[in-house]
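Heads up, the thing below is written out as structure tokens.
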Amino acid sequence: MYNHKVVEKKWQRYWAAHQTFKTGNDPHKKNYYVLDMFPYPSGKGLHVGHPEGYTATDIIARMKRAQGYNVLHPMGWDAFGLPAEQYAINTGHDPASFTDKNIETFKHQIKMLGFSYDWDREVKTCDPDYYKWTQWIFEQMYKKGLAYEAEVPVNWSPDLGTVVANEEVIDGKTERGGFPVYRRPMRQWMLKITAYADRLLKDLDDLDWPEPIKEMQRNWIGRSVGAEVTFKVAGHHESFDVFTTRPDTLFGASYVVLAPEHELVSKITTSQQKEAVDAYLAKIASKSDLERTDLNKDKTGVFTGAYAINPVNDEKIPIWISDYVLASYGSGAVMAVPAHDDRDYAFAQKFDLPIKAVVEGGNLAESAYTGDGVHVNSSFLNGLNVEAAKVKMVDWLEEHHCGKKKVNYKLRDWLFSRQRYWGEPIPVIHWEDGETTLVPEDELPLRLPVTTNIKPSGTPESPLANLTDWVNVVDKNGRKGKRETNTMPQWAGSSWYYLRYIDPHNDQKLADYDLLKKWLPVDLYIGGAEHAVLHLLYARFWHKVLYDLGVVPTKEPFQKLYNQGLILKDHEKMSKSKGNVVNPDDVIDEYGADSLRAYEMFMGPLDASIDWDENGPASTKKFLDRVWRLFVNDLDLKPVPSAKVVKENDHELDKVYNQTVKKVTTDFDALHFNTAISQMMVFINAAQKAKTVPLAYAEGFCKLLAPVAPHMMEEIWQIFGHQESISYAPWPTYDPSQLVEKQVPIMVQVNGKLRGHFTAAKDETKENLQKQALAEPHVVKFLNEKTIQKVIVIPNKIVNIVAK
RNA sequence: GGCGGUGUGGCGGAAUUGGCAGACGCGUCAGACUCAAAAUCUGGUGUCCCUUGGGACGUAUCGGUUCGACCCCGAUCACCGCUACCA
């Protein structure tokens with residue numbers, strides 16, 4: 001009987017001892033880079049969701065090796081992050097050693113699954129030899145003006161006495177404790193991802209990614225084309241710009257609204273309105289994000305007392321402020337056309353502001369009309385439809401120097417600071433004379449100081465601020481300075497790790513250019529859809545920056561992307577709190593890694609979220625055991641030689657074997673593992689019923705199944721008498737001539753309903769097919785007392801007789 | 001509210017270009033082996049009607065296009081994901 005506990009250990013040891021999966025560098029072979037999203041090594045260890053994606057990439061990696069590629073298939077650790085820090089704060093331990101312990105656990109569990117990683121290339125983001133280059137990339141960005149400081153709100157939680165990261169804010173409250181979060185301005189590091197917005201958008205088109213993921217990125221970038229219109233403030237020298245996608249409705253503007261944070265607010269507010277405006281500003285400041293957005297769709301606002309002049313008709317219109325206008329988008333000011341914008345309409349209704357129709361259509365008594373129509377009350381735009389009117393208005397604005405065509409993005413610059421300990425220190429020094437300098441490149445890495453004192457500073461500053469020995473520096477001229485105490489977000493290290501795998505031990509460069517050229521872009525990248533936007537957008541951004549610097553040779557990092565689905569339990573996400581987590585260790589212990597791998601691939605399409613079936617691994621174990629019994633004699637652990645597996649081919653299995661080779665190969669390539677496995681089951685069912693199985697087919701089958709169930713297939717391969725690992729045994733090929741049918745079944749329908757069938761020679765003429773169809777006894781019965789009106793004949797497939 | 005996705009037996013799912021709906025597996029029923037059980041092997045298994053042959057219905061719902069629709073089009077419902085006043 002096959003003993004997975006013994007055999008799996010045996011081959012894992014063999015692979016390690018023989019460096020079977022060391023990345024190939026044969027110049028005569030093509031290169032293939034297949035990558036997993038590296039995990040955050042949490043204290044909980046692996047759950048059954050991890051091996052799903054990892055098995056998929058492992059199957060591809062193993063198939064590609066067998067097909068004669070050099071394969072780069074690495075694994076590493078996204079090792080900085082909040083849970084380790086939180087654990088450290090709670091226990092007084094060092095997050096570094098805690099993280100290392102977790103990595104050990106993860107690595108042990110991953111190794112039990114028999115994945116073909118090249119472990120010599122393991123990286124972890126919290127290793128100074130690694131984050132040296134994360135810091136180096138930051139410095140290049142700083143030099144290019146892509147990293148800058150700005151006064152930006154942080155998520156300040158007075159109840160916790162700390163700031164929280166965006167990812168710790170759920171629905172405007174802290175993830176832990178559910179305390180309100182307030183936006184509090186602080187000097188922070190930003191990365192100018194907006195400078196790359198257009199390229200990030202455009203280059204999506206050439207990527208082989210799931211269309212919905214590309215669409216999510218497009219939405220996130222949020223390009224919108226419109227116009228910038230300059231309004232003068234009546235009685236002031238001041239003016240301000242608004243961004244609008246509907247310049248055609250400018251004649252319908254009945255007021256303008258500034259964001260409460262807009263710099264003009266204090267300058268233009270009249271003395272009569274000052275009290276009201278100040279009160280409103282005070283109210284806004286104390287509002288949490290939640291109150292400002294989600295819960296409160298009710299518009300609020302206040303009149304400044306000032307008026308703007310509509311450049312197109314010199315009309316004086318009131319200037320209001322309201323928090324429905326976002327300071328961070330466009331110019332932080334909008335022209336309000338309540339007749340043709342839902343938000344403006346709601347605001348105008350509430351504050352009784354005029355609603356002027358300039359496009360015909362809809363019913364303004366009920367709602368704004370945002371559709372197309374003919375312009376009215378719009379001077380030179382009258383009679384035009386929306387698109388034409390937009391063009392004409394932009395021309396007019398440009399001609400009269402009071403506006404221009406403008407493209408805006410929803411994408412904001414990347415808030416790159418975290419007020420945290422456990423992250424890459426930002427390699428910057430702030431000097432007493434106000435100068436800000438980078439830590440010189442030859443002094444990198446700037447190491448994170450080892451300390452157990454990482455309690456929150458009690459202010460919106462990083463815990464590093466408390467470590468005065470580390471923070472305070474003096475240069476050779478005696479000038480005093482302080483180190484930047486913010487650290488980088490978890491996204492930093494994960495934005496370029498796929499580059500480091502290519503040349504993980506290089507201490508001169510983040511990676512050698514020629515090696516990058518050999519391996520990039522990543523041929524296949526698999527991971528969870530939760531990273532559809534942020535991680536994948538950030539990594540693309542960094543990659544493009546490095547491309548511009550001449551560090552990497554490609555515009556894009558990941559050519560083909562695929563998202564695995566979730567594994568559910570009772571139609572819910574697995575989670576510790578629900579107590580429905582399936583532990584892969586238990587499954588491996590009972591059924592073996594091969595069975596777990598096979599089940600996770602067989603349970604359904606890779607990208608679907610599917611319920612875990614308690615019986616699943618048992619069912620695939622049953623299949624694997626049948627394979628074993630078919631090929632191996634349990635008594636002497638020799639191949640089953642006697643009657644079953646033989647040198648001779650009686651051709652009984654020719655067709656199904658060739659079909660299987662073809663389907664498994666194309667299905668693997670398309671990541672359709674469930675149907676590939678089902679085809680292998682079909683082959684085994686047939687082989688079991690056959691009198692004999694040719695040895696060549698048995699061996700070919702083992703090669704097909706080896707990527708899914710590598711341990712058992714190695715064992716059978718050895719029993720078949722091979723000395724070398726099956727990993728590099730050439731991938732099977734099929735004989736297309738064996739798949740050509742000489743006889744094909746022809747279905748016969750009467751009025752679209754199946755009434756009979758017969759067998760015909762392939763490519764039989766339409767006339768003959770029709771004649772045979774009409775002669776079918778069952779068919780004839782249904783044609784009684786009916787007149788044949790038409791006969792549709794599709795050669796090799798179907799005959800449909802239309803009769804009344 | 002906006003964008004996107006998904007709905008097929010008791011369950012997970014399959015179905016090339018619009019051409020035999022339900023491959024493969026789970027579960028289940030029956031048989032073989034066994035003193036017995038497990039394991040294994042063989043066969044049945046969408047629903048309803050029916051005497052065999054077979055017939056009617058059937059891919060969320062309603063409608064359309066077509067000789068023919070799980071597949072294309074329109075509307076509706078349900079669930080999931082992302083997003084959230086982006087002017």
Is there a ring-ring contact (aromatic ring centres under 6.0 Å, His included) between A/Phe602 and A/Phe673 once you walk through the steps? CA-CA 6 Å; A/Phe602 183 63; A/Phe673 303 109; over 10 Å; no
**Report entry** Intermediate values then yes/no, ring-ring contact (aromatic ring centres under 6.0 Å, His included), A/Tyr329 and A/Tyr409
**Finding:** CA-CA 8 Å; A/Tyr329 181 76; A/Tyr409 298 93; 9.4 Å; no
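Considering only residues two or more places apart in sequence or on other chains, A/Glu228 meets the salt bridge (Lys or Arg N to Asp or Glu O under 4.0 Å) condition with A/Lys404, A/Lys406. Under the ring-ring contact (aromatic ring centres under 6.0 Å, His included) criterion, A/Tyr369 pairs with no residue at all, not counting sequence neighbours. Applying the salt bridge (Lys or Arg N to Asp or Glu O under 4.0 Å) criterion to A/Lys192, with sequence neighbours excluded, gives no partner residue. A/Trp220 is linked by a ring-ring contact (aromatic ring centres under 6.0 Å, His included) to nothing, counting only residues two or more places apart in sequence or in another chain. Contacts of A/Lys214 classified as side-chain hydrogen bond (donor to acceptor under 3.5 Å, both in side chains), with partners at least two apart in sequence or in another chain: none. For A/Asp341, the salt bridge (Lys or Arg N to Asp or Glu O under 4.0 Å) partners are A/Arg343, not counting sequence neighbours.
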Just the table, please: protein N/O against nucleotides 37-45 of chain B N/O, every pair under 3.5 Å.
residue : atom : partner  : partner atom : Å
B/U40   : O3'  : A/Arg629 : NH2          : 3.2
B/C41   : OP1  : A/Arg626 : NE           : 3.3

Protein-nucleotides 31-34 of chain B N/O pairs under 3.5 Å:
none

Using atom names, set out every protein N or O paired with an N or O of nucleotides 19-22 of chain B below 3.5 Å, distance rounded to 0.1 Å.
residue : atom : partner  : partner atom : Å
B/G19   : N2   : A/Gln749 : OE1          : 3.4

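Classification of the A/Phe347-A/Tyr324 ring pair by plane angle, with boundaries at 30° and 60°, yields tilted.
Contact check, A/Lys753 against B/G55: no side-chain N or O comes under 4.0 Å of OP1 or OP2.
Residue contacts shown for A/Arg755 are limited to sugar-phosphate atoms, with no base heavy atom under 4.0 Å away.
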Dot-bracket assigned to RNA chain B with the 3.5 Å Watson-Crick/G-U criterion, [ ] for crossing and | for other-strand pairs, is (((((((..(((......[....)))((((((.......))))))((((....))))..(((((..]....))))))))))))....
Given protein heavy atoms under 4.0 Å, the one-letter contact record of nucleotides 2-15 of chain B, with B base, S sugar-phosphate only and - none, is simply -SS-------BSS-
Show me the donor-acceptor pairs within less than 3.5 Å that the side chains of residues 744-758 of chain A make with the rest of the protein, sequence neighbours left out.
residue  : atom : partner  : partner atom : Å
A/Asn751 : OD1  : A/Ala803 : N            : 3.0
A/Asn751 : ND2  : A/Ala803 : O            : 3.0

